[in-house]
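Only a predicted model underlies this, so the values are computations on that prediction, with no experimental measurement involved. Values below: every heavy atom of this structure, side chains too, minus hydrogens, waters and symmetry copies.
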Amino acid sequence: MKATDVLILNLEEIRRRSLIVWRGIPTDRLHWKPDDEAMTCIEMVRHVLEGEFLYTSMLELGKSPPSEDSPFKPRPFDDVEAEVSLAAPYHQKCLDLIASFSERDLVEKKVDRSDKGYVRPFGDFILRMGYHEAIHTGHMLSYLRQMSAPRPNIWD
């Protein structure tokens, strides 16, 4: 198994578990948030999906994008399935891009985000992409607990 295969497997497993959690959000609670400064449930779903779109752009450019224009803005927040459907081709584009990298690319090519305080090799950056989504999946489980909603079992 190549390193890119492992990276893709990791991202797909994280997404699989995210989908289980996102689909477990009660539809009448999509706009719930624990406090005034937090994201709502549906905002967090979009944040993760849009984040993957932006991370893919950074891998393509090797740096932060010149703007954060995305197909997710200024769409209204509909529902989880609408967000996932919109993101599906961009998710596949991300996976295809990662699959195209050589072992050497993962180590030698860099994403320069000096504007945010770091420069990371592609392999490291791709792992951070997965970490970002996994963290927010944990956040969403916490939201579900706080709203006394059932929490899906992601530990299969």
Side-chain angles (χ1 to χ4, degrees), residues 1-27 29-34 38-62 64-65 68-103 105-107 109 111 113 116 118 120-147 149-156:
M1 187 178 276
K2 300 183 311 186
T4 52
D5 296 333
V6 174
L7 290 167
I8 290 169
L9 182 65
N10 184 55
L11 292 174
E12 288 285 66
E13 182 62 12
I14 292 166
R15 179 58 51 89
R16 182 182 73 81
R17 292 171 192 248
S18 293
L19 289 169
I20 292 168
V21 173
W22 297 342
R23 290 176 173 144
I25 303 166
T27 54
R29 305 306 288 275
L30 286 172
H31 297 282
W32 183 91
K33 58 184 180 176
M39 287 184 269
T40 66
C41 295
I42 195 68
E43 286 172 336
M44 192 182 304
V45 170
R46 179 171 298 173
H47 170 76
V48 168
L49 296 172
E50 184 174 34
E52 182 180 61
F53 171 83
L54 294 170
Y55 281 126
T56 302
S57 296
M58 289 181 243
L59 283 169
E60 290 174 320
L61 296 169
S64 295
E68 290 194 4
D69 290 337
S70 85
F72 294 86
K73 293 175 183 169
R75 290 174 34 92
F77 292 99
D78 295 322
D79 60 36
V80 169
E81 293 308 322
E83 297 293 325
V84 171
S85 291
L86 174 65
Y90 304 109
H91 178 65
Q92 189 59 54
K93 179 181 178 182
C94 176
L95 300 178
D96 292 345
L97 179 63
I98 293 167
S100 75
F101 296 147
S102 69
E103 303 281 324
D105 291 338
L106 297 174
V107 175
K109 288 189 175 183
V111 174
R113 296 205 72 205
K116 301 293 183 189
Y118 66 89
R120 295 285 186 263
F122 276 16
D124 176 286
F125 190 77
I126 294 164
L127 288 172
R128 287 166 183 263
M129 292 169 60
Y131 182 73
H132 175 256
E133 183 167 335
I135 287 295
H136 284 301
T137 300
H139 283 157
M140 190 62 70
L141 286 169
S142 175
Y143 274 28
L144 293 171
R145 179 182 296 274
Q146 290 177 65
M147 68 173 79
R151 291 174 309 285
N153 179 15
I154 59 170
W155 305 109
D156 53 5

Counting only heavy atoms not in [X] (residues, nucleotides, ligands), do more than 12 fall under 6.0 Å from its [atom1]?
X	atom1	result
Lys116	NZ	no
Arg145	CZ	no
Tyr118	OH	yes

| query | What do the steps show when you test Lys73 against Ser70 for side-chain contact (heavy atoms from CB on, under 4.5 Å), and what is the final call? | reply | CA-CA 6 Å; Lys73 293 175 183 169; Ser70 85; 4.0 Å; yes
Within the distance-only criterion (no hydrogens, no angle test), does the side chain of [X] pair as donor or acceptor with the backbone N or O of [Y] below 3.5 angstrom?
X	Y	result
Asn10	Leu7	no
Arg151	Leu144	no
Asp5	Lys2	yes

Rounded to the nearest 0.5 Å, how far apart are [atom1] of [X] and [atom2] of [Y]?
X	Y	atom1	atom2	answer
Arg15	Ile20	CZ	CD1	12.5 Å
Ile135	Ile14	CD1	CD1	10.0 Å
His136	Trp22	NE2	CH2	10.0 Å
Asp96	Ile8	CG	CD1	7.5 Å
Tyr143	Met44	OH	CE	3.5 Å
Lys109	Ser102	NZ	OG	7.0 Å

Any heavy-atom pair between the side chains of [Y] and [X] that's under 4.5 Å?
X	Y	result
Phe122	Leu59	yes
Leu141	Ile154	yes
Pro34	Met147	no
Val48	Met140	no
Gln146	Trp32	yes
Leu19	Val84	yes
Ile42	Ile25	no
Val111	Pro121	no

Go through Asp156 and Arg16 one step at a time and tell me if the salt bridge (Lys or Arg N to Asp or Glu O under 4.0 Å) criterion holds. CA-CA 11 Å; Asp156 53 5; Arg16 182 182 73 81; 2.8 Å; yes
**Message:** Could you tell me if His47 and Glu133 have a donor-acceptor pair between their side chains, going purely by distance under 3.5 Å?
**Reply:** no
side-chain contact (heavy atoms from CB on, under 4.5 Å) between Ile98 and Leu11, worked out: CA-CA 10 Å; Ile98 293 167; Leu11 292 174; 3.4 Å; yes
Nearest heavy-atom pair of [X] and [Y]: which atoms, and what distance?
X	Y	result
Phe72	Arg46	O-NH1, 3.1 Å
Met58	Ser64	CG-CA, 4.0 Å
Asp105	Ser100	OD2-O, 4.4 Å
Glu83	Pro76	OE2-O, 4.0 Å
Gly24	Pro152	CA-CG, 4.0 Å
Ala82	Asp79	N-OD1, 2.6 Å

What verdict does the side-chain contact (heavy atoms from CB on, under 4.5 Å) test give for Ile126 and Phe101, after you've listed the backbone C-alpha separation in whole Å, the side-chain angles of each residue and the deciding distance to 0.1 Å? CA-CA 11 Å; Ile126 294 164; Phe101 296 147; 4.1 Å; yes
(message) For residues 84-93, which residue pairs pass the salt bridge (charged side-chain N to carboxylate O under 4.0 Å, His left out) check, not counting sequence neighbours?
(response)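 For residues 84-93, and leaving out neighbouring residues, the salt bridge (charged side-chain N to carboxylate O under 4.0 Å, His left out) pairs sorted by first residue read Glu60-Lys93.
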Quiz item: What do the steps show when you test Arg23 against Glu81 for side-chain contact (heavy atoms from CB on, under 4.5 Å), and what is the final call?
Solution: CA-CA 8 Å; Arg23 290 176 173 144; Glu81 293 308 322; 2.6 Å; yes
### Query
Got a salt bridge between Glu43 and Lys33, using NZ or NE/NH1/NH2 to carboxylate O under 4.0 Å?
no
request  = Would you please indicate yes or no on a ring centroid separation below 6.0 angstrom for Phe53 and His91?
outcome  =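 No.
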